[in-house]
There are 2 protein chains.
Amino acid sequence: MEAVKAELNKTPRSLSKQARRKQLIEATIKCIADKGLSGTTMADVTQQAGLSLGIVNLHFQSKEKLLIETLSYISDEYTSGLNEIFNDDNLTAEQKILAHINFDFSRKIIDRNKLAVWFAFWGETKSRPTYLSICASYISEIANNLTHLFALLKQQGGYSTVNPDLVCTCYTALSDGLWLDLLITPKGLKPAQAQAVAMHYLATQFPNHFKSHTGH
Amino acid sequence: MEAVKAELNKTPRSLSKQARRKQLIEATIKCIADKGLSGTTMADVTQQAGLSLGIVNLHFQSKEKLLIETLSYISDEYTSGLNEIFNDDNLTAEQKILAHINFDFSRKIIDRNKLAVWFAFWGETKSRPTYLSICASYISEIANNLTHLFALLKQQGGYSTVNPDLVCTCYTALSDGLWLDLLITPKGLKPAQAQAVAMHYLATQFPNHFKSHTGH
DNA sequence: CAACTGAATGAATAACCATTCATTTTTACT
DNA sequence: AGTAAAAATGAATGGTTATTCATTCAGTTG
């Protein structure tokens, strides 16, 4: 405790700055979910954060930079969660895939505010390549890791007809589509059901490793 | 020719009005793709259409109504294309599903401008329920039709373990996710490849009817 | 405690943009 | 050709919002 506090005191300003930035980013997420990307004003964000109007420009210089930092924030959260799984040497390929699918549909990720932010930015991607460039690198990194896991499972399980690249593309697209479903029809599909759908697909490819539990 | 002209002359005003509205809607699609939903101004749209600033308010009363009509326009285009397939009594269930998947990844639908519009609106759905209500009815209608087709195929092909509802949810989400891929990584995935991925999934469920051609 | 430093505030500013409407142009019909 | 009605124009308006910055506030140091 004392040590932590002492460490905190080492750089009080910069730490406090980080905390304030995070506070503003989280207010931004809430605002984008509530009012949309176009409907979110500086007044909205600062009010949501309980701070004064000028604070965003003080910490982020401009609204555009705040939005970019917000996208980076949720991207990083997602990527680092997955990397923890990929880099865990105690897990088998099968366990890593299971952990991946659990993570993809966990409470932390399936938060409708955050889903709204994801899709708000996807919708602007074509007109603002910056948004895409933030995600492009992590997207291909995840795809590589996932493809590798599918290739391992193919080898270990003797699934001679499986095409790891194809399965990765299909699983990823399926996962994105289920996220969209969860965002737009909250009453229709529950996270657990969405996960079951994804699992059902994996079961078609690796029947000895994964079972679909949606029979009736 | 004469007959057509005469028919046209019956309601010259309203016809011209319809044409102008369509022209403005198509300009709006282009602008949303180029500048995003938030970045699209009335000046942009009217300039894109080669008309004067006040014209949108004359034909649509407000910007918001123009946007709603634009979403309805692409929704209707999609729905009516699918309904033609569903209602074609000359096609078997298998042929209808094939026609459906061909349509989903056809040039007419996989137009990056239109995809950008779809996702621009999806991204605002949570904050503007109106956008969702425009699509909600046709979404469930399509799901019903598709589920019915899968049920027929199950029956006819003796696929005893297939769950038509599950397959419909999975196929629909997969298709949405592939659309997103086509929008954001145009260099990465081609429409024909995306269609092959969707077909690969159908082949897992109905192996005697559909073949995956992505072996190597 | 007094001087100093940086964070925070919010009134004022300036840019932007949807909408209006008086005017002009086009079309339809006699 | 002449006229009336409809369509189109775009300068002017008014409301909104990002950004600025002079001032206030809080924490740190000597």
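Note that the structure is a prediction, hence the values are computed from the model and not measured. Chain identifiers are assigned alphabetically (A, B, ...) following the order of the sequence lines, protein sequences preceding nucleic acid strands; residue numbering begins at 1 within each chain.
Residues from residues 119-128 of chain A placing a heavy atom under 4.0 Å of any atom in DNA chain D do not occur. Listed by residue number, the members of residues 51-74 of chain B with any heavy atom below 4.0 angstrom from DNA chain D are B/Leu51, B/Ser52, B/Leu53, B/Gly54, B/Ile55, B/Leu58, B/His59. DNA chain C lies under 4.0 Å from no heavy atom of any residue of residues 34-48 of chain A.
For residues 60-82 of chain B, every residue pair satisfying the ring pair (Phe, Tyr, Trp, His ring centres under 6.0 Å) rule, not counting sequence neighbours, is listed here: B/Tyr78-B/Phe103, B/Tyr78-B/Trp179. A salt bridge (charged side-chain N to carboxylate O under 4.0 Å, His left out) check over residues 76-101 of chain A, counting only residues at least two apart or in different chains, returns the pairs A/Glu77-A/Lys114.
When the shell of 6.0 Å around NE2 of A/His59 is examined, it contains more than 12 heavy atoms from other residues, nucleotides or ligands.
Relative to the axis of its first five pairs, the axis of the last five pairs of the helix from C/dC1-D/dG30 to C/dT30-D/dA1 sits at 20°, rounded to 10 degrees.
In terms of the side chain to side chain contact (heavy atoms under 4.5 Å, CB included) criterion, residue partners of B/Thr172 (sequence neighbours excluded) are, by chain and number, B/Leu146, B/Cys168, B/Asp176. Qualifying side chain to side chain contact (heavy atoms under 4.5 Å, CB included) partners for A/Asn83, counting only residues two or more places apart in sequence or in other chains: A/Thr79, A/Phe86, A/Asn87, A/Glu141, A/Asn145. In this structure A/Asn102 satisfies the side chain to side chain donor-acceptor pair (under 3.5 Å) test together with A/Gln195, sequence neighbours excluded. Applying the side chain to side chain contact (heavy atoms under 4.5 Å, CB included) criterion to A/Glu64, with sequence neighbours excluded, gives A/Ser62, A/Leu67, A/Ile68, A/Arg128, A/Tyr131.
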Return a table of donor-acceptor pairs under 3.5 angstrom between the side chains of residues 42-56 of chain B and protein atoms on other chains or two or more places apart.
| from | atom 1 | to | atom 2 | distance (Å) |
| --- | --- | --- | --- | --- |
| B/Asp44 | OD1 | B/Lys35 | NZ | 3.3 |
| B/Asp44 | OD2 | B/Thr41 | N | 3.0 |
| B/Asp44 | OD2 | B/Thr41 | OG1 | 3.0 |
| B/Thr46 | OG1 | B/Met42 | O | 2.9 |
| B/Thr46 | OG1 | B/Ala43 | O | 3.2 |

For residues 120-127 of chain A, dump all side-chain donor-acceptor pairs below 3.5 Å to protein atoms at least two apart in sequence or in another chain.
| from | atom 1 | to | atom 2 | distance (Å) |
| --- | --- | --- | --- | --- |
| A/Glu124 | OE1 | B/Ser38 | OG | 3.1 |
| A/Glu124 | OE2 | B/Leu37 | N | 3.0 |
| A/Thr125 | OG1 | A/Phe121 | O | 3.2 |
| A/Thr125 | OG1 | A/Trp122 | O | 3.2 |
| A/Lys126 | NZ | B/Asn113 | OD1 | 3.0 |
| A/Ser127 | OG | A/Glu124 | O | 3.0 |
| A/Ser127 | OG | B/Gly36 | N | 3.2 |

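With respect to the salt-bridge test (charged N to carboxylate O, under 4.0 angstrom), the residues A/Arg107 and A/Asp111 do not qualify.
In plain terms, the two heavy atoms of A/Leu174 and B/Ala173 that are nearest each other are CD1-CB, 3.9 Å.
The NZ atom of B/Lys17 sits 16 Å away from the P atom of C/dT27 (whole-angstrom rounding).
For A/His100 and A/Phe105, the ring centers are positioned 6.0 Å apart or more.
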